[in-house]
Amino acid sequence: MPADDARTPALRCARLRVEYAGRPAVDDVDLAIAPGELVAVLGESGAGKSTLLAAVAGLVPLAAGEIWLSGRQVAGPGRDVPPEHRAVGMVFQQYALWPHLCALDTVAYPMRRAGQARPAARARAAALLDQLGVGHLAHRRPAELSGGEQQRVGLARALARDAAVYLFDEPTAHLDPQQRLAFQAEVRRRQRAAGAAALYATHDAGEALALADRVAVLVGGHLAQLAPPAGVYGHPASIAVARLTGAASVLDARLESAGTGDGAELVLRIGGELVAVPGGPGITGAAHVVVRPEWTIERGPFRGTVTEAWFHGAHTDYVVEGRFGTVTLRRSGQQRHAIGEQIEWGLARGWAVPTGTAGAGQPSAIVAPG
Amino acid sequence: MLRRRHPTRFGDRGPLVVAVVAVTGLVGYPLVRLAQSAGGQAIVHAWHTPGLATVAWHTVALAGVVTAVAVPMGAGLALLLAAPGLPLRRTLVAGVLLPLVTPQFVLGYSWGQAYGRAGFSDSVAGVHWSGLYGPAGVATVLVVDATPIVYLLVAAGLATRAQPDTERAARMSGASAWTALSTVTLPLLRPVLAAAGVITFVGTLESFAVPQVLGTPAGFATITTRIYADVALGGDPATFDQALALSLGLVVLATVILLPADVVLTPRLRSVRTPQSAAVRLMRHRGAGPWVAVAGVVGYLLFAVGLPSIALLAAAVTPAIGVSPTPGNWTLANLRGLLTSTTGTELAHSVELAAAAACILTLLGTLVAMLGQRRSGRVLGAVATLTLVVPGSALAVAVLIAYGRYLAGTLTLILLAYLAKMWALALRPISGALDRLPDAERQAARASGAGPPTAVRTVVLPALAPALAGGWLLVFVTALHEVTMSSLLYSTGSQTLAVAVLNSEGLGDIGPTAALALLLTLLVVVAAGAAWGLFRLATTASSRRTGAAVPEPLLEVAGAR
């Protein structure tokens with residue numbers, strides 16, 4: 001279903017709320033996605049990602065709020081369009097292919113439901129499978145396909161629907177790293193070509209940042225931040241968002257003097273040393289400073305002891321403890337510092353967030369893979 | 001999911017020998033003797049007895065009709081009750097399963113008391129069903145009896161399928177709820193439906209109590225009731241030859257239907273279970289729809305189980321035929337009549353037999369289950385499972401031929417038949433629990449310094465305990481109300497409670513029969529309740545390990561029928 005004009009969002013959710021047994025799984029979510037845009041929904045398991053997608057698809061009823069697809073209201077008070085009449089296509093985490101149908105008939109299925117004759121549906125299905133590089137597997141059933149091949153068939157099935165929004169429910173969770181990269185590339189190509197919007201749920205920060213135009217971070221069913229990848233990574237709204245979007249150390253800090261003017265840096269005291277970093281709104285007194293491993297430099301005011309070292313190939317991460325707390329530093333190349341060695345470091349960048357924001361409980365370093 | 005197992009090394013060939021001897025002695029030898037005895041000239045002659053072919057034809061036709069009705073009904077109920085939004089869902093499921101804990105005899109008898117001439121509906125509203133005694137009534141009650149088993153199989157099939165989300169995917173592809181049902185759900189259920197059909201068909205072939213209670217009075221005979229008439233009531237060699245011929249015919253019939261089905265269906269039924277198999281959400285019930293569905297199910301349950309139960313209760317407290325079952329006429333005389341030494345002896349026989357069978361079969365079951373982990377034992381396990389489908393009437397006749405001359409009239413003879421018929425009941429839960437027990441747990445025990453016996457005692461047995469107890473109870477419950485074989489093998493000194501109920505019914509004593517039937521049902525319900533609780537325990541323990549789906553205990557309980 002094409003958008004009425006370029007400004008009509010392909011998907012708009014307003015004050016969306018979904019409950020399971022009276023407890024909210026998704027609460028007060030506002031979200032608008034433009035045609036051609038890919039929004040990643042990032043969150044831990046149980047944060048409400050799948051529920052949000054299921055609500056858009058019409059698989060779970062809303063407790064409150066409204067959903068619009070290409071300017072047409074599909075859910076809201078007194079309105080609940082069933083899934084088959086919503087312009088959405090979905091790719092499932094566990095593929096959800098039908099064991100009794102071969103790949104060709106699986107992809108032809110949505111077009112058959114849309115009223116196309118069998119030969120026409122099959123011809124288009126074959127073309128779709130070809131485009132996705134699995135044309136030669138058209139007559140195989142799911143049991144005879146690898147995970148990556150199954151998910152390509154699942155993607156082809158979703159694309160076979162003329163959808164305003166494609167929904168991806170952690171589609172790469174069961175794929176090995178190589179298949180994952182290939183699948184992500186395919187998603188990006190197809191979705192751009194189709195010009196449709198996409199909502200892509202994942203718990204993998206790397207995947208979300210690499211794929212998305214914008215990232216919607218869900219924490220406990222609430223939308224914690226909605227911003228482009230560089231925004232959620234560089235300027236996280238809370239400690240919880242910082243931790244979900246990549247490796248981050250969190251240091252306790254105290255505000256010494258506020259900057260002047262818009263976007264000015266704050267002067268904060270960390271472990272007795274003064275540093276100047278930008279920060280979010282609402283910082284008074286106690287604060288936290290988010291430090292990504294690669295934001296640190298070799299010269300600076302801080303001194304600490306190396307307690308752990310992790311060699312990752314291109315770089316080595318060191319966990320360092322000192323008066324400032326615990327921080328993870330990233331240095332290129334092989335391990336150069338021994339455990340127990342005293343080293344000096346400084347901040348090239350940082351991002352201050354107020355204490356008391358969700359998830360600000362434990363100010364300790366987090367070592368994330370990579 | 002194929003998991004390569006390391007051979008379980010415990011003991012040497014000893015257990016294998018015991019198991020092989022048990023299978024041969026209990027099942028193999030009697031069946032061979034039956035085939036030998038039934039192969040002679042006299043038997044060929046027996047088949048020419050007028051009416052015998054008709055009896056065989058009746059039996060097959062009855063099985064066909066019951067299957068054709070019960071499978072769609074059970075499957076429909078399963079699909080209806082699978083929807084998560086349905087009001088009163090748990091209560092309805094419990095109601096649908098109720099006939100499972102009602103002995104077949106009691107179900108048939110209750111229907112007679114509810115809808116027959118001079119029955120409950122007749123005395124209350126002046127309405128009775130004249131066709132109840134005869135093929136139509138027999139088929140109807142057998143459908144009521146078989147529906148819960150079909151329901152269980154289909155519900156389990158829905159809950160434990162390999163691919164979750166398949167219906168959702170269909171809806172997301174533009175299929176309406178009904179299209180999703182016909183293009184995805186039903187095709188995927190085909191193997192389960194076929195299995196349910198085979199199980200219902202064979203179960204009807206070997207059913208005895210319902211045709212005996214509702215068919216025999218109207219002159220409608222099936223193979224099983226004819227065998228009963230020939231063996232228990234007849235007495236001359238000619239009728240015994242007829243019984244032999246019919247028994248062999250029954251075995252052949254069941255085997256012919258089951259063997260190919262078993263080969264085809266078994267591998268598919270053991271489908272892969274992924275963790276977190278999603279609940280099927282076929283329909284999101286909205287508006288008045290669910291309440292219409294609920295009303296339909298409740299109506300069926302009232303008609304099929306509710307009113308018959310009330311009628312049975314009423315008959316138990318009514319002094320004599322023709323007295324209307326109003327509170328003013330109620331009496332405890334029939335129930336007090338249970339407190340005789342005869343009833344006590346019969347009850348003791350039933351409990352002794354059931355307990356003995358349960359203990360022996362739990363041991364044998366454990367043995368075979370553990371052997372089943374090895375290649376040589378797997379065949380043994382398959383044979384043991386097959387004995388479950390050898391019709392009880394035929395098995396009883398076979399046991400009678402093989403051991404009757406030494407053991408005639410003793411409880412041991414009946415015990416042998418129970419052992420032959422029921423050991424798959426103990427075997428399956430135990431081997432199931434063993435299969436779910438990850439190898440790694442035992443290996444971890446060994447790697448932690450436990451020797452093989454210690455590993456079994458500290459790691460395997462605790463995990464197996466609920467299944468062992470459950471298997472024991474399953475045999476106990478089944479043996480408690482067994483009537484098909486007992487009625488062929490008992491004599492004056494070895495009458496069981498279930499046989500007493502049958503004989504009392506044959507004499508036409510309505511009140512005492514109803515009282516005895518109540519006692520029997522009560523026993524079965526209590527024991528079945530305990531079994532159910534234990535299986536819940538066993539599967540929650542194992543699903544915590546593997547994330548397996550829940551309804552498995554139900555299947556085991558269903559297997560008892």
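Lettering of chains follows the sequences in order, A, B, ..., and the numbering in each one begins at 1. Being a predicted model, the structure only gives us computed values, none of them experimental. The figures that follow rest on heavy atoms only: side chains count, while hydrogens, waters and symmetry mates do not.
Note that the OH atom of A:Tyr109 and the OG1 atom of B:Thr179 stand 6.5 Å from one another [nearest 0.5 Å]. A:Met90 CE to B:Ser173 OG: the interatomic distance, rounded to the nearest 0.5 Å, is 11.0 Å. Going from atom CZ of A:Phe92 over to atom CG of B:Asp165 covers 5.0 Å, rounded to the nearest 0.5 Å.
Nearest heavy-atom pair across A:Ala54 and B:Arg168 is CB-NH1, 4.4 Å. What you find for B:Arg171 and A:Arg161 is that their closest heavy atoms are O-NH1, 4.2 Å. B:Ala169 and A:Ala96 make their closest contact through CB-O, 3.6 Å (heavy atoms, listed as atom of the first residue, atom of the second, distance). Summarising the geometry of A:His100 relative to B:Leu188, their closest heavy-atom pair is ND1-CD2, 3.3 Å, with the distance given to 0.1 Å. Of all heavy-atom pairs between B:Thr166 and A:Leu97, the closest is CG2-O, 3.7 Å.
With contacts defined as side-chain heavy-atom distances shorter than 4.5 Å, the pair A:Leu59/B:Met172 qualifies. At least one side-chain heavy atom of A:Arg113 sits under 4.5 Å from a side-chain heavy atom of B:Thr183.
Using a 4.5 Å cut-off between heavy atoms, A:Ala57 touches chain B through backbone and side chain atoms alike.
For CD of A:Gln73, the number of neighbouring non-hydrogen atoms (other residues, nucleotides, ligands) closer than 6.0 Å is greater than 12.
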